[in-house]
Amino acid sequence: MRVILCENYDEMSEKAAGMFAAQITLKPESVLGLATGSTPVGMYKRLIEMNKSGTVDFSGVTTFNLDEYYPIKRDNNQSYFTFMKDNLFSHINIDLKKTHIPNGETKNPVKECEQYEKMIRQAGGVDLQILGIGQNGHIGFNEPDASLNSFTHLTSLTDSTIKANARFFESANEVPKQAITMGIATIMSAKKIILLASGASKSRVVAELLNDGINTSIPATLLKTHPDVVLICDKDAYLGAKLGVDIGGTNIKFAVVEGENVKYKACVDTPKTTDEIIDTIVKETKKLKKEYKIKAIGIGTPGVISGGTVTATNLPFKDLALDVEVAQRTDLPTNMDNDANCAALGEVIFGNTTDCDNIVLVTLGTGVGGGVIVNRQIMASNKSAGEIGHIIIDMKDGRECACGEKGCWEQYASISAFVKDAVHAANANPDSVLNKIYEREGRLSGRLIFEALNEKCPVAEEVFDQYLEYLAVGIKSIAMAFGPDAIVLAGGITKEGDKLIKPLRKKLPKDLRIEVSTLQSDAGSLGAAML
Ligand code: PGA
């Protein structure tokens with residue numbers, strides 16, 4: 001893939017229009033594949049000017065558009081039919097009979113797709129295909145994990161695409177849920193492809209394009225196998241600073257990331273009310289915008305995110321569209337996800353598992369949290385997916401969990417559980433070193449239990465060994481369920497390093513890679529920046 005890096009959107013549009021016009025000049029009867037969306041609008045504007053000034057003549061060309069919503073009336077303002085008319089066709093000397101857009105009004109989409117594919121073939125195939133790229137890496141409406149070998153077909157839009165395109169409609173509810181799209185195989189059969197990317201919201205996906213490898217969860221990466229693709233992108237898509245915000249019960253962490261370089265980190269106390277929390281984020285963003293070219297915000301928040309809103313138990317968030325509120329007040333595209341998911345994303349991008357595609361992060365703290373990364377992306381979670389602390393490991397006499405179930409893993413493998421078990425053992429063994437420490441301090445903690453272990457206290461050793469058994473049983477289940485390349489452990493206790501990890505490894509399969517987080521509490525803000 002050849003890359004042309006432009007200073008800004010206008011330069012990108014100018015370069016693309018130049019190559020497009022050159023194709024028509026070389027072959028006036030070219031078959032052109034056209035795209036919609038906000039990205040190619042500037043290129044179309046430039047082509048209109050060139051047509052008006054006589055530099056390019058569209059009278060011989062045939063066009064095929066990539067896609068169309070389904071169902072949608074042609075005269076709907078948001079149909080791609082209307083888009084093409086408004087943004088290009090009614091301003092140039094093109095023969096409308098030779099322009100083709102999938103028919104969003106058809107009663108028989110399967111037949112429409114077959115015919116569309118046939119017409120492209122009959123026209124001799126596409127000479128030059130223009131493509132935009134979705135924030136999720138889609139091309140056309142070939143969404144992540146699209147079948148690689150598909151031709152023109154009817155497809156369902158992902159939630160992220162519906163959300164990204166909602167800006168053109170009154171609300172997300174009005175975005176059609178399906179579309180007819182050229183398939184990846186159709187696109188790949190074009191002789192030449194120009195891929196356009198503009199703005200910081202595309203920087204993550206552009207970074208994936210420039211990295212090695214092909215990944216079906218980022219369909220655009222398949223273009224790397226095409227012999228003639230040019231990526232024309234502006235600097236913001238290539239490099240724009242992103243602000244990551246990790247909201248915790250005690251503090252809010254901020255991180256500014258440029259490309260994959262961490263430029264700034266800060267931490268402030270978490271205020272009490274929702275308004276104050278939003279104010280703090282907005283104020284910090286405005287301050288940082290003066291220093292960095294911040295183009296997007298990602299927020300990691302505790303709680304359950306569902307239907308675009310967050311509800312948290314340890315923060316005053318109830319059905320809060322936090323990302324929308326922050327976006328409105330900062331004028332920056334803002335995404336949010338669960339904080340544990342963000343931390344897992346941070347680990348795979350910035351931590352010591354950057355060589356992995358699939359990891360599970362296990363955070364051992366008051367509870368057991370975690371996030372699952374599949375193909376270097378957060379596993380699409382609805383409600384409680386990724387809540388690994390609530391895997392049930394004891395069905396019979398399981399310990400009660402705040403979630404209402406019994407026997408959840410976090411009741412055995414969290415630091416709180418470890419300490420509780422140690423207190424129990426100390427009380428039962430008054431002469432033990434563990435109990436002496438307990439009496440001296442009036443409490444126990446992970447660190448104090450390790451103090452007893454350092455003194456070879458057999459009671460502490462027994463508690464620790466049992467704790468490792470609990471930890472291992474959950475880790476083995478996770479490994480069986482997800483088959484990750486690595487499991488990353490984080491949380492205060494993991495700072496004990498080899499003292500924890502070496503005996504733990506003995507209880508786990510040999511080929512299971514276990515890593516201790518090198519980012520620890522920074523993972524959340526760094527991962528949020530990459531949302
Ligand atoms: P956009 O869309 O140009 O509006 O960003 C591109 C796409 O989704 O393919």
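Counting starts at 1 for both ligands and their atoms, following the listed order.
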For residues [X] and [Y], is any side-chain donor paired with an opposing acceptor at under 3.5 Å?
X    : Y    : answer
S160 : N136 : yes
T152 : E117 : yes
K73  : S79  : no
T82  : N77  : no

- request: Can you label the angle between the Y69 ring and the F141 ring as parallel, tilted or perpendicular, going by 30° and 60°?
  value: tilted

message: The criterion is side chain to side chain donor-acceptor pair (under 3.5 Å); which residues satisfy it with Q328, sequence neighbours excluded?
response: none

- line: Heavy-atom contacts under 4.0 Å to ligand 1, chain-then-number order, include exactly G37, S38, T39, G132, I133, G134, H138, R167, K202

